[in-house]
Number of protein chains: 2
Amino acid sequence: MMPSDRRFATDPSTVRPVARYEQVKRYITDRIADGVWHEGDRLPSEMDLVDALGVSRMTVNRALRELTGEGVITRAQGVGSFVAPAAPRAELLELHDIADEITRSGHTHRARVLMVSSVRADMALAAAFDVRPGTKLFHSVIVHDEDETPLQVEERYVAPHFLPDYLDLDLATVPPHRHLSRAAPAEQIEHVIFAVTPCERLRAWLDLPTPEPCLQLMRRTWVNGRVVMRGTFTSPGSRYSIGGRYIP
Amino acid sequence: MMPSDRRFATDPSTVRPVARYEQVKRYITDRIADGVWHEGDRLPSEMDLVDALGVSRMTVNRALRELTGEGVITRAQGVGSFVAPAAPRAELLELHDIADEITRSGHTHRARVLMVSSVRADMALAAAFDVRPGTKLFHSVIVHDEDETPLQVEERYVAPHFLPDYLDLDLATVPPHRHLSRAAPAEQIEHVIFAVTPCERLRAWLDLPTPEPCLQLMRRTWVNGRVVMRGTFTSPGSRYSIGGRYIP
DNA sequence: TTGACACAGTTGTATATACCATTCATTGTC
DNA sequence: GACAATGAATGGTATATACAACTGTGTCAA
């Protein structure tokens, strides 16, 4: 058989790091992102994709099914698959971009990257990531200033398999969460909010002369059922609050 | 073949409204909900489930894969499948019923009504309600105990025109929010979360010997475009956190 | 014209099979 | 005792096949 027309032909001599259904998903999302297929457009049928990409229908089906779950496409039995309308995701907490928050309120924002390193998970981290203690994790600490005053310490741990080049990124200009959501959309997000007395380290970073109650938001995000990021966002209670308004 | 031992055997004479992989998912989640399998417990292997349920491995695999994406279980190649840690219960921006939360986590709850009175709005209150200072408002303070330990102080101001008989209600048995939502559903809700050092009054109510960071949730609800309630919920940071998990 | 019907095309699900990757316990070797 | 090799168990993926369910269209007959 001539495999030349097969897009994703198996080649035993090379590694196959990415699953084929992932490649099919990428094939679809790339064409949507590039504007080849527009919102509402009809996608090729499963059989068309089977012929075009040289994979089995079950593989195409899985790719399209997952894209449906991610809201990228919609499907209708007996009709076809279509590019879903680009719905802005209503985020529960608009805390994603502290830089935005600061600049939008008329202040100047500055991000200072204090640490970027690779660490070994202790017991607590291992529990948070559901891995064994000692597992390698990436670690970063960024302080966000509002008009030269520290407003928030952003401390993140990232699973290396999820973002292997995390240590090489320029986190000062492009915030971590943008890298993370580019790599893959989170399928599950957990928020927990605490009130804490900051440890010495945090007090120094936040430039707090006296121990002051701090708001601490811990966020974990899941991809493929595995925790890929744990972020701890700490702000002095006197300078920051978390708020939201919604209509039931 | 004898289908008697097959759990989900096909029967052409009956409708099959639910897909088999959904039945398998249900089988798993039911056993977790019923406490047959606990957090961290190992699930039967895919092959075990194949034998037990009489479905193919691909069907079991799809069920377990989707449960992984939903955060119900975690899986590890070469090891097995396990019940995932439970997500924090309270939804971040939902109305949470502190009594429910306490009893559902296996503790005993008690509500102590400390104050119920009519007051005049000061500047801050007037601003919160968007009324003139001096306007009459109803005021209540309730302490919620978890196993005899104060867990939260609930302080509310209610617009009299909204609940004229607020002062006569039995707030110890029927919590205020139930009266409020019965009167009319909120059309808009605002939440703001602070970290504060409790004032003397709050420290006494919460039985805090030393000043400790406290989580403070302020909620305002609107009906017919007017603020009808402002609630302040204060909990010691060491005893309480606000959390939620959601799937985008 | 209208309704009934058949049919092709599409997605949804189920199965058997196969092979790969990872993990862990066991066994053997030095 | 330490280390390496082996193998079983488990999950991860890919495929071919089959049938079911649904939709839209076209055809045919009354």
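Per the geometry, CZ belonging to B/Phe82 stands 11 Å off C1' belonging to C/dT23, to the nearest Å. Put simply, CG on A/Leu64 is 13 Å from P on C/dT10, counting in whole angstrom units. In this entry the distance linking NZ of B/Lys25 with P of C/dA14 reads 12 Å, nearest Å. Computed from coordinates, the A/Asn61 CG to D/dA20 P distance equals 18 Å when rounded to whole Å. Going from atom CG of B/Leu53 over to atom C1' of C/dT15 covers 15 Å, rounded to whole Å. In this structure, CD of A/Gln23 is placed 15 Å from C1' of D/dG12, rounded to the nearest angstrom. Rounded to an integer number of Å, the gap from A/Leu67 CG to C/dT11 P is 13 Å. Atom-to-atom, CZ of B/Arg57 to C1' of C/dA16 comes out at 12 Å; the value is rounded to the nearest Å.
A/Arg62 comes within 4.0 angstrom of sugar-phosphate atoms only, judged by non-hydrogen atoms across all strands, and of no base.
Listed by chain and residue number, A/Gln152, A/Tyr240 satisfy the side-chain contact (heavy atoms from CB on, under 4.5 Å) test with A/Ser235 (two or more places apart in sequence, or in another chain). Taking the side-chain contact (heavy atoms from CB on, under 4.5 Å) definition, one finds that B/Asp48 meets it with B/Pro44, B/Ser45, sequence neighbours left out. The side-chain contact (heavy atoms from CB on, under 4.5 Å) check on A/Val72 picks up A/Thr29, A/Ile32, A/Leu67, A/Glu70, with sequence neighbours excluded. The side-chain contact (heavy atoms from CB on, under 4.5 Å) test applied to B/Thr149 returns B/Arg239, not counting sequence neighbours.
Two residues, A/Arg132 and B/Ser56, neighbour DNA chain C, and the one matched to the more 5' nucleotide by heavy-atom proximity is B/Ser56.
By the 4.0 Å N-to-carboxylate-O rule, A/Arg62 lies close enough to A/Glu66 to be salt-bridged with it.
Distances from the side chain of B/Arg75 to the nucleotides D/dA14, D/dG11, D/dT13 place D/dG11 closest. Checking C/dA14, D/dG11, D/dC22 against the side-chain heavy atoms of A/Gln77 singles out D/dC22 as nearest.
One finds a side-chain N or O of A/Thr59 lying less than 4.0 angstrom from the OP1 or OP2 phosphate oxygen of D/dT15. Side-chain N/O atoms of A/Tyr21 include none lying less than 4.0 angstrom from OP1 or OP2 on D/dA14. Listed pair A/Ser81 / C/dT10 fails the phosphate criterion, with no side-chain N or O lying under 4.0 Å from OP1 or OP2.
For the contact set between residues 40-50 of chain A and DNA chain D, defined by any heavy atom under 4.0 Å, there are no members.
Note on residues 111-122 of chain A: pairs passing side-chain hydrogen bond (donor to acceptor under 3.5 Å, both in side chains), not counting sequence neighbours, are A/Arg112-A/Asp145.
Between A/Phe138 and A/Tyr166, the ring-plane angle classifies as parallel under the 30° and 60° cut-offs.
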